[in-house]
Number of protein chains: 2
Amino acid sequence: MKPGPRRSISQTDIVETAFEILEQKGFAAVSIRGVAAALGLTPTAMYTYFPSKNALLRAMVEQVLAGLDLEGAADADVDWRDRVLALAVDLRSRLAAHAGAMLLVTSGPLDGPHARRLTETLIAGFTSERMPLADAARAADAVRAYVLGAAALDAAVRAAEASEGPATAGPALWTEATAHPLTDAAAELDGDADGGFAWGLDRLLDGLLAGVGASAT
Amino acid sequence: MKPGPRRSISQTDIVETAFEILEQKGFAAVSIRGVAAALGLTPTAMYTYFPSKNALLRAMVEQVLAGLDLEGAADADVDWRDRVLALAVDLRSRLAAHAGAMLLVTSGPLDGPHARRLTETLIAGFTSERMPLADAARAADAVRAYVLGAAALDAAVRAAEASEGPATAGPALWTEATAHPLTDAAAELDGDADGGFAWGLDRLLDGLLAGVGASAT
DNA sequence: ACCTGAACACCGTTCAAGT
DNA sequence: ACCTGAACACCGTTCAAGT
């Protein structure tokens, strides 16, 4: 095919195609060349839209965050505690929806516009509980860290299950099989990872909101 | 050079070399070929020691975790709260020590022997505070998530600073520059990221330990 | 068992050139 | 501005072969 302007493909089209590849073939398959091929372009044409692969990955992170209901989280009619819980659960499910989304988040800084809006919303919520600004900022950081870390641990476990089957341990790299009685016992009586996430977040909010506002139980 | 057995190189040597490359040239430079070259081997010889690149990365994660003072964390003479704080701070500083260590952790499941020992130690500590096993397991998950998430956010920020200079924003991808007054205001009066980490962990422990034991303040 | 050399099927990115 | 084609300097991994 000859060079020259074609029917314009948007950055959004590229990001969407990248997400399709991410879901179908995993994080490793998200490549400039692969996305270009799926769009019927040569790899070099991609550099018209994004200056680097990293820029593409950042745009993907932004799209994941774009769907967050920050307006709902700013609704002062609802308790802040309930709002931040809903927001965190939503964010976590969005990160869980795409198999490799967590690697995206870790692969670059969370400094896009939607990421900043999320941080701003969190800080605003905590200050609305009469928390000093410095503490509110740290509280926002703590919530971000908890949600991201939980999503990362989830993603790592699921990636391992997908790549090598559920019941495969390392080939005798370590011999002591049952040296972790508590971990094993806990694994038996639990299986509700989602419940664990909300429980831990609840405890974190207990600690963050203790003694700062009336609505903190 | 001719093929045939050489003076044996150990898996430990390979992992150490990989860490040197990680620190000097970053995560992207940690490659089978690169590590092999640094050791004077051909890439294929690497597959004698590790079945895949992923196996090498996992071994690196294990080495980061291997240095953790789990014995100190099991010392019942000290308050569990102080012990888990020390453990978390230690883990975070280990993750921060290597520029790309966080990507290592995120790139695979934390299911090696040292990772499991860490989980076991955390659960044991929480049960020692008279916490039910199921809750102790979830508390351990919460602490892991918080520490990992905080380390991930740190690493992302530092990676960005290293790759493109501190004061570079995106090239007008978004126009509203000062739409985040709280974030900006908080950034001005804070700069102590380490303090923020410990503060948030303290709040998390407040929430986790509230009402379960005598030593929970 | 430990290693080499060649090969396969990929990468991100740059550059000169076309329309 | 948008695109192609060729090229550079890389990847992980496999395979046959040597000692």
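Note on naming: letters A, B, ... go to the chains in the order of the sequence lines (proteins, then strands), and numbering restarts at 1 for each one.
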Quick one: side chains of residues 35-47 of chain B, donor-acceptor pairs under 3.5 Å with protein atoms, not counting sequence neighbours, listed by atom name and distance.
unit_1	atom_1	unit_2	atom_2	d
T42(B)	OG1	T44(B)	OG1	3.4

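Looking at DNA chain D, the stems built from 3 or more consecutive Watson-Crick or G-U wobble pairs, each pair with its key distances under 3.5 Å, are C:4-8 with D:12-16, C:12-16 with D:4-8.
We find that CG of L41(A) is positioned 10 Å from C1' of dC2(D), with the value rounded to whole Å. What separates CG of L39(A) from P of dT4(D) is a distance of 11 Å, to the nearest Å. Nucleotide dA1(C) holds its P atom 18 Å from the CD1 atom of I9(B), rounded to whole Å. Here dA1(C) presents its P atom at 15 Å from CD of Q11(B), a figure rounded to the nearest Å. Going from atom CE of M46(B) over to atom C1' of dG5(C) covers 17 Å, rounded to whole Å. The distance from atom CD1 of I21(B) to atom C1' of dC10(D) is 14 Å, rounded to the nearest whole Å.
Using a 4.0 Å cut-off, some side-chain N or O of T42(B) falls inside it from OP1 or OP2 of dT4(C).
Shown here are the side chain to side chain donor-acceptor pair (under 3.5 Å) partners of T183(B), two or more places apart in sequence or in another chain: E120(A). Partners of D75(B) under the side chain to side chain donor-acceptor pair (under 3.5 Å) rule, at least two apart in sequence or in another chain, do not exist in this structure. Take D202(A) and apply the side chain to side chain donor-acceptor pair (under 3.5 Å) test, not counting sequence neighbours, and it matches R81(A).
Salt-bridge formation is detected for the pair R138(A)/D135(A): a Lys NZ or Arg NE/NH1/NH2 atom is positioned less than 4.0 Å from an Asp or Glu carboxylate oxygen. One finds no salt bridge joining E20(B) and K25(B) here, because no Lys/Arg side-chain nitrogen approaches an Asp/Glu carboxylate oxygen to under 4.0 Å.
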Collect all protein-nucleotide pairs involving nucleotides 11-13 of chain D in which both atoms are nitrogen or oxygen and the distance is under 3.5 Å.
unit_1	atom_1	unit_2	atom_2	d
dC11(D)	OP1	S31(B)	OG	3.2
dG12(D)	OP1	I32(B)	N	3.0
dG12(D)	OP1	K53(B)	NZ	3.3
dG12(D)	OP2	I32(B)	N	3.1
dG12(D)	OP2	R33(B)	N	3.2
dG12(D)	N7	R33(B)	NH1	2.5
dG12(D)	O6	R33(B)	NH1	2.8
dT13(D)	OP2	Y47(B)	OH	2.9
dT13(D)	OP2	K53(B)	N	2.8
dT13(D)	O5'	Y47(B)	OH	3.3

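By the 4.5 Å heavy-atom criterion applied to side chains, R116(A) and D184(B) are counted as neighbours.
A perpendicular orientation is assigned to the rings of F126(A) and W80(A), their planes being inclined by more than 60° (bins at 30° and 60°).
Here the CG-CG distance, from L110(A) to L118(A), works out to 8.5 Å after rounding to the nearest 0.5 Å.
Here the separation of dA9(D) from dC10(C), taken at their P atoms, is 22 Å to the nearest Å.
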